Asker: 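Can you read through this structure? Questions will come right after.
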Amino acid sequence: MALIVHKYGGTSMGSTERIRNVAKRVAKWARAGHQMVVVPSAMSGETNRLLGLAKELAPATPGAGHYRELDMLASTGEQASSALLAIALQAEGLEAVSYAGWQVQVKTDSAYTKARIESIDDERVRADLDAGRVVVITGFQGVDEGGNITTLGRGGSDTSAVAIAAALKAHECLTFTDVDGVYTTDPRVEPDARRLKTVSFEEMLEMASLGSKVLQIRSVEFAGKYKVPLRVLSSFTPWDIDIEEEAKSGTLITFEEDENMEKAVVSGIAFNRDEAKISVLGVPDKPGIAYHILGAVADANIEVDVIIQNLSKDGRTDFSFTVHRNDYARAVDLLKDKVLPTLGAADIVGDTKICKVSIVGIGMRSHVGVASKMFRVLSEEGINIQMISTSEIKTSVVIDEKYMELAVRALHKAFDLDQPTA
Ligand code: ADP
Ligand code: ASP
Ligand code: MG
């Protein structure tokens with residue numbers, strides 16, 4: 001008997017029929033003798049629907065208090081799906097109880113819409129498990145010190161599940177989704193993408209942070225910090241497939257590098273369409289410029305990603321960086337108001353139609369020429385690189401959004417990701 005956490009994403013919870021299927025699958029695991037905790041997302045489309053309603057009502061620049069209400073609103077999607085799942089589990093003849101984040105409690109900081117989990121109280125859940133109940137806990141949400149409901153950022157149910165698995169010292173956290181594992185790249189963009197049987201924690205962390213939405217980055221961070229065995233697998237297999245087979249399916253995130261991984265120089269390609277580029281033109285090239293520009297942006301709580309500064313000409317330079325598209329308008333306004341006048345820069349221009357494409361692989365550490373191969377492949381496709389950023393195990397380029405699919409596919413092929421590994 002083991003304590004197992006299952007997480008089901010929005011598509012997997014997308015209708016009453018699918019919820020019934022989830023209940024049957026969970027019942028199979030419970031009847032095999034496991035203690036079961038289940039973390040569902042809202043039914044697919046529900047979070048978008050709720051946030052869309054708020055957008056209809058809110059003015060362009062929402063005031064203080066707006067983000068608290070967004071969390072109060074968006075968290076209801078998971079509350080509904082959790083109750084429905086508990087009802088479906090009961091209909092399967094199991095004892096089941098559902099809890100919202102504040103009932104458990106899943107304690108977070110107060111950063112509404114992107115709160116971080118600080119601690120999880122496991123007492124109530126353990127008592128239910130020991131009494132033979134299946135426990136359903138809402139994904140995506142928690143409660144801050146003041147008793148306000150918070151949410152963990154889009155895709156945050158992954159993080160809820162892994163954090164709950166860590167708090168309960170679960171045997172494994174199984175993330176059920178609409179694909180059957182982690183692929184070399186998003187299989188919706190490259191049909192030749194291959195499923196990885198295992199992926200190292202470090203690579204998964206990079207892939208998630210570079211845009212692979214299959215796992216929210218914070219869930220991978222939690223898995224690494226608390227060494228939670230984490231597997232991504234399909235909820236679309238028949239619910240009654242053999243449990244042993246199911247337990248070995250999908251992709252396992254591993255914490256040790258094995259020989260096979262070392263062989264793959266590039267193991268995956270990630271992309272991100274959520275960023276926008278801002279360029280401050282004609283900046284006087286003197287000490288403190290980066291601090292002056294990016295300090296103002298950071299003070300407004302806007303995260304900056306890729307940064308480049310051009311060589312100066314006649315004592316002036318151009319300075320470009322990317323931010324999340326949601327923060328783009330705010331960042332441009334802020335720079336125009338506060339930075340442009342004091343800095344004496346010539347202008348601020350922006351581009352929201354960009355994307356970032358990245359190659360990821362721990363093998364890049366010991367191989368030279370990987371980045372240059374990436375640049376060659378893109379040049380052969382006639383794709384202009386606007387920005388470059390590298391680290392030990394990844395190279396990212398910012399390119400025009402319209403070439404994203406072409407770039408992903410060309411790189412996937414050039415790095416032999418469509419070929420089975422030895
Ligand atoms: P859920 O609702 O189950 O959390 P998500 O939509 O958040 O599901 O994440 C699953 C999706 O992630 C897949 O449908 C797929 O399109 C996308 N995805 C992006 N990159 C990858 C990848 N490398 N491997 C698998 N899926 C990926
Ligand atoms: N329902 C939330 C979202 O759509 C959380 C999740 O699905 O993980 O982002
Ligand atoms: Mg998700």
Side-chain angles (χ1 to χ4, degrees), residues 6-14 18 22 38-52 70-71 73-82 101 106 113-115 117 137-142 150-164 173-199 203-220 230-236 250-251 253 266-274 357-361 404-405 408 411-412 417:
H6 280 191
K7 180 260 171 178
Y8 291 89
T11 321
S12 314
M13 295 290 293
R18 288 197 177 155
V22 169
V38 192
V39 179
S41 293
M43 294 170 78
S44 59
E46 181 62 4
T47 312
N48 285 346
R49 187 186 72 85
L50 292 165
L51 295 175
L70 283 186
D71 282 1
L73 174 71
S75 61
T76 61
E78 269 71 10
Q79 188 167 329
S81 63
S82 295
V106 176
T113 74
K114 48 184 171 195
I117 296 179
I137 305 175
T138 49
F140 185 51
Q141 59 172 268
T150 55
T151 67
L152 311 178
R154 298 310 302 267
S157 298
D158 297 328
T159 304
S160 306
V162 178
I164 287 165
C173 180
L174 304 182
T175 307
F176 288 86
T177 183
D178 55 6
V179 283
D180 63 354
V182 178
Y183 278 68
T184 47
T185 192
D186 189 337
R188 289 178 212 286
V189 167
E190 171 51 277
D192 286 339
R194 267 184 320 103
R195 180 171 61 81
L196 301 162
K197 281 203 183 101
T198 58
V199 60
E203 284 169 324
M204 194 61 239
L205 198 61
E206 283 289 356
M207 299 253 287
S209 80
L210 295 168
S212 297
K213 294 198 169 108
V214 62
L215 285 174
Q216 196 199 36
I217 179 164
R218 285 183 190 166
S219 71
V220 187
L230 175 61
R231 187 178 289 274
V232 177
L233 66 172
S234 172
S235 71
F236 289 163
T251 301
I253 286 66
V266 172
S267 352
I269 298 176
F271 53 84
N272 179 348
R273 273 178 279 214
D274 295 339
V357 176
S358 312
I359 54 174
V360 175
M404 192 203 81
E405 300 203 347
V408 169
L411 291 166
H412 196 266
L417 291 176

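All figures in this text were calculated on a predicted structure; none of them were measured in a lab. Counting starts at 1 for both ligands and their atoms, in listed order. Atoms considered below: every heavy atom in the structure, side chains included; atoms not considered: hydrogens, waters and symmetry mates.
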Asker: Would a 4.5 Å heavy-atom cut-off, applied to side chains only, mark K7 and S41 as touching?
Answerer: yes
Asker: Give me the one residue out of V189, T185, I359 that meets side chain to side chain contact (heavy atoms under 4.5 Å, CB included) with H412.
Answerer: T185
Asker: Strictly under 4.0 angstrom, heavy-atom based: which residues surround ligand 1?
Answerer: K7, G9, G10, T177, D178, V179, G181, V182, Y183, T185, D186, P187, R188, M207, S212, K213, V214
Asker: Does a side-chain N-to-carboxylate-O contact under 4.0 Å join D178 and R18?
Answerer: no
Asker: I'd like to know if K213 pairs up with D274 as an ion pair, taking the criterion as any Lys NZ or Arg NE/NH1/NH2 lying under 4.0 Å from an Asp or Glu carboxylate oxygen.
Answerer: yes
Asker: Check contact between G77 and ligand 2, using heavy atoms of the residue and a distance below 4.0 angstrom.
Answerer: no
Asker: Nearest protein heavy-atom contact for atom 3 (C) of ligand 2: which residue, which atom, what distance?
Answerer: R154 NE, 3.3 Å
Asker: So do V232 and I253 actually touch side chain to side chain, heavy atoms under 4.5 Å?
Answerer: yes
Asker: Which distance, rounded to the nearest 0.5 Å, do you find between the CD1 of I217 and the CE of M204?
Answerer: 9.5 Å
Asker: Hey, are the side chains of T138 and S75 touching, using non-hydrogen atoms and a 4.5 Å cut-off?
Answerer: no
Asker: Out of K7, E78, Q141, who gets a non-hydrogen atom closest to atom 2 (C) of ligand 2?
Answerer: E78
Asker: Using side-chain heavy atoms (C-beta onward) and a distance below 4.5 Å, is D71 in contact with T113?
Answerer: yes
Asker: Record the part of Q216 in heavy-atom contact with ligand 2 below 4.0 Å; permitted values are side chain, backbone, both and neither.
Answerer: neither
Asker: Can you confirm whether V22 sits close enough to F176 that some side-chain heavy atom of one is under 4.5 Å from a side-chain heavy atom of the other?
Answerer: no
Asker: Identify, for atom 7 (O) of ligand 2, the protein heavy atom at the shortest distance, and state residue, atom and that distance.
Answerer: S41 OG, 3.2 Å
Asker: So for ligand 2, is G155 a polar contact partner (N or O within less than 3.5 Å, distance only)?
Answerer: yes
Asker: Of all the heavy atoms in G156, does at least one lie under 4.0 Å from an atom in ligand 2?
Answerer: yes
